[in-house]
2 protein chains.
Amino acid sequence: MQGHSLQRHLILDYLRNTGEHPTAERIAEALSRGGHAASTSNLYRNLTILVAGGQVRRLSLDDGPDRFDANLDPHYHVTCTRCNRVWDVAIQEGDRCDLALPEGFRPGVWEITVRGICAACARGPHPFES
Amino acid sequence: MQGHSLQRHLILDYLRNTGEHPTAERIAEALSRGGHAASTSNLYRNLTILVAGGQVRRLSLDDGPDRFDANLDPHYHVTCTRCNRVWDVAIQEGDRCDLALPEGFRPGVWEITVRGICAACARGPHPFES
DNA sequence: GTACATGCAAAAAGTTTGCCGACTC
DNA sequence: GAGTCGGCAAACTTTTTGCATGTAC
């Protein structure tokens with residue numbers, strides 16, 4: 001975890017400490033709030049470097065902007081189609097996912113996203129935004 | 001399956017008869033080849049209508065353009081990270097995917113994508129393109 | 001002083017929208 | 001003739017790139 005510029009450190013810290021999967025825009029807001037505003041271009045450049053270094057994953061879960069995720073533990077994603085929030089859910093004892101892969105295919109990363117309605121949205125009236 | 005214009009019919013036919021998950025660009029090429037070229041704008045408009053009508057699914061599997069899929073049977077996706085091709089793999093007897101979802105979450109669509117290296121790419125030298 | 005880091009502006013890629021004319025019933 | 005359909009061009013959003021300046025060691 002050496003060799004990162006300050007900005008890159010801050011991005012990584014933020015990603016590690018937020019439970020969300022922020023978009024680039026939200027990351028920029030967070031940096032700004034912390035008094036270390038970053039230009040969009042450099043933010044993306046740094047995110048690209050972090051992704052290339054394997055410290056961050058880039059997710060294209062929905063039609064909006066990409067989301068970034070510093071949780072490298074095996075997990076899957078649960079997204080609410082009403083409020084658009086995304087949760088990490090760690091793989092737990094008892095979870096299984098055995099699928100018949102094609103002959104000769106060498107699996108790498110498994111990406112599992114379950115779309116549905118979260119508990120909050122299922123209850124209350126639609127809150128319009130995450 | 002009524003009420004579709006000719007162009008929309010052709011798009012749907014093409015999507016149903018190709019084993020691939022073409023991008024809008026590839027669909028346009030196919031229509032063109034068939035002598036029914038469509039403007040990009042109307043192609044997207046029609047795809048949007050088909051998606052809204054539930055006859056087609058829109059996939060954002062990688063960083064490139066969206067892909068469209070008229071296979072509505074339960075299936076998951078396998079993509080080769082070298083040649084970028086995408087396959088549908090039908091759920092088979094013996095497949096299982098039981099995950100512990102959060103309390104109160106009402107699951108809808110499950111999206112499972114397995115990234116890896118396909119048999120062809122694992123063998124030969126890198127073919128550079130799908 | 002070489003290599004990395006940053007910001008700004010411009011470009012690129014993918015997709016959507018506005019507008020207007022054509023076709024359908 | 002109201003509503004759908006289609007094309008073209010322009011807009012828009014997200015992300016990347018070029019370039020010139022600034023910083024680190």
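Chain A is the first sequence line, chain B the second, and so forth, proteins listed ahead of strands; every chain is numbered from 1.
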Distance, rounded to the nearest Å, where [X] contributes [atom1] and [N] contributes [atom2]:
X: A:R8; N: D:dA24; atom1: CZ; atom2: C1'; answer: 13 Å
X: B:L6; N: D:dT4; atom1: CG; atom2: C1'; answer: 14 Å
X: B:I49; N: D:dC5; atom1: CD1; atom2: C1'; answer: 9 Å
X: B:L47; N: D:dC5; atom1: CG; atom2: P; answer: 14 Å

Handout entry: Contacts of type salt bridge (Lys or Arg N to Asp or Glu O under 4.0 Å), residue A:D66, not counting sequence neighbours
Key =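 A:R58.
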Handout entry: Residues which pass salt bridge (Lys or Arg N to Asp or Glu O under 4.0 Å) with A:R106, listed by chain and number, not counting sequence neighbours
Key = none
Completion exercise
The complete set of ring-ring contact (aromatic ring centres under 6.0 Å, His included) pairs with one or both residues in residues 26-72 of chain A, sequence neighbours excluded, reads none
Handout entry: Atom pair CD1/CG of A:I27 and A:L10 - distance to nearest 0.5 Å
Key =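 So the gap between those two atoms works out to 11.5 Å.
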Contact list (N/O, under 3.5 angstrom) for nucleotides 14-18 of chain D vs protein:
from   : atom 1 : to    : atom 2 : distance (Å)
D:dT15 : OP1    : A:D66 : N      : 2.9
D:dT15 : OP1    : A:D66 : OD1    : 3.4
D:dT15 : OP1    : A:D66 : OD2    : 3.3
D:dT15 : OP2    : A:Y44 : OH     : 2.0
D:dT15 : O5'    : A:Y44 : OH     : 3.3
D:dG18 : O6     : A:R45 : NH1    : 3.4
D:dG18 : O6     : A:R45 : NH2    : 3.4

Practice task
Could you list the residues that satisfy side chain to side chain donor-acceptor pair (under 3.5 Å) with A:D13, not counting sequence neighbours?
Solution key: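 So A:D13 forms no side chain to side chain donor-acceptor pair (under 3.5 Å) with any residue.
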Practice task
For the pair B:T79 (side chain) and B:V86 (backbone), establish whether a donor and an acceptor sit closer than 3.5 Å, ignoring hydrogens and angles.
Solution key: no
Handout entry: Contact interval (first through last nucleotide) of DNA chain C with protein chain A, 4.0 Å heavy-atom
Key = C:dA5 to C:dA9
Problem - Pair A:D88, A:H21: side-chain N/O donor-acceptor within cut-off below 3.5 Å - result: yes
Problem - B:N46 vs D:dG6: side-chain N/O to OP1/OP2 distance below 4.0 Å - result: yes
Problem - Parallel, tilted or perpendicular: ring planes of A:H9 versus A:H4, cut at 30 and 60 degrees - result: perpendicular
